[in-house]
Structure formats: C-alpha cells, structure tokens
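The structure under discussion appears below in the form of structure tokens.
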Amino acid sequence: DVQLQASGGGLVQTGGSLALSCAASGFTFGDWTIAWFRQVPGKEREGISCISNRDGSIYYGDSVRGRSTISSDTAKNTVYLQMNNLKPGDTAVYYCAATQRDWSWGCTPYRRLYDNWGQGTQVTVSS
C-alpha cells in the first residue's frame, strides 16, 4: 500500500523557518511525484510545491516561491519542504501527496492529479 507520512510542523514565530518531511513507502519512489498542499478551515486545499523524482521537475506556487525549497532524498524515500521567512498567512495544515503521472511540462500541484495522500501536519506562525 502507498503510504505517506508528513511531519515537521509546529509553532514558529513570524520570520522563522520549518522543515517539513514526507516519508513515503509502498511504491517505487523514483517513479513518482510528491507534492505539498496546505489547507485552512473554510478554504480549498492549495497546492504549493511539487517535485518529480522521474524527470526532476520542480514547481513552487506564488505564495511560497522564493521562501521555500523542495528536495528529494531517494535513498530515504523522503521529500522535504524547507520553508523560510514564515508569515502568519502560512498557518495551515500541510499535506503531502503522490502521483505516478507523467508530466509534459513539469510537475504541477493540482489537487485532482494526486490520488495518494498522507495525513496533515499543522504549521502555526505567530505574529
């Protein structure tokens, strides 16, 4: 079974940093794309970043571009999202998801393209 375990959330002050991890198991990690999403109550789940282990493509959404770095460790079957200069608007539950989809123009964190999800990890940024 495909399993994804997100971790690394917590409480941080504005301007601080967090490193989220998504540990994967049950599939050939090198063939899959892993994406990060976040959601606040009452709003749609927002795709913020993805990395394709197959073609190496990376994507960042406007809300995190320039403040975040996604990386993949295929030896550990883990994808990381380093988030810097955090703002109160980054407060959300963060989820990782996986797909085997091939990309013509690079990966994109469009929710409907991902059919395997981990549980969320809460990130809270205090002002």
Legend entry - Distance-only polar pair, side chains of Thr108 and Trp103, donor-acceptor under 3.5 Å: no
Inset, instruction - Rounded to the nearest 0.5 Å, what's the gap from CG on Asp1 to OG on Ser25? Could you check? - result: 9.0 Å
Legend entry - Within-4.5 Å side-chain heavy-atom neighbours: Cys50 and Tyr60: no
Inset, instruction - To the nearest 0.5 angstrom, please state how far the CD1 atom of Ile34 sits from the OG atom of Ser49. - result: 11.5 Å
Legend entry - From OG1 (Thr121) to CG (Leu81), nearest 0.5 Å: 11.5 Å
Legend entry - Qualifying residue, where the test is side-chain contact (heavy atoms from CB on, under 4.5 Å) with Asp90 and the options are Asn85, Thr124, Val125: Val125
Legend entry - Pair Ser52, Asp55: side-chain N/O donor-acceptor within cut-off below 3.5 Å: yes
Inset, instruction - Check whether the side chains of Gln82 and Ser71 place a donor and an acceptor atom closer than 3.5 Å, and report yes or no. - result: no
Legend entry - Residues Thr78 and Asp73: side-chain donor-acceptor under 3.5 angstrom: no
Inset, instruction - Specify whether Trp117 and Phe37 have parallel, tilted or perpendicular ring planes, treating 30° as the upper limit for parallel and 60° as the lower limit for perpendicular. - result: tilted
Inset, instruction - Check whether the ring centres of Tyr94 and Trp36 lie less than 6.0 Å apart, and answer yes or no. - result: no
Inset, instruction - Mark yes or no for whether Thr28, through its side chain, and Gly30, through its backbone, hold a donor-acceptor pair below 3.5 Å. - result: no
Legend entry - Side chains of Thr91 and Val40 in contact at under 4.5 Å (non-hydrogen atoms): no
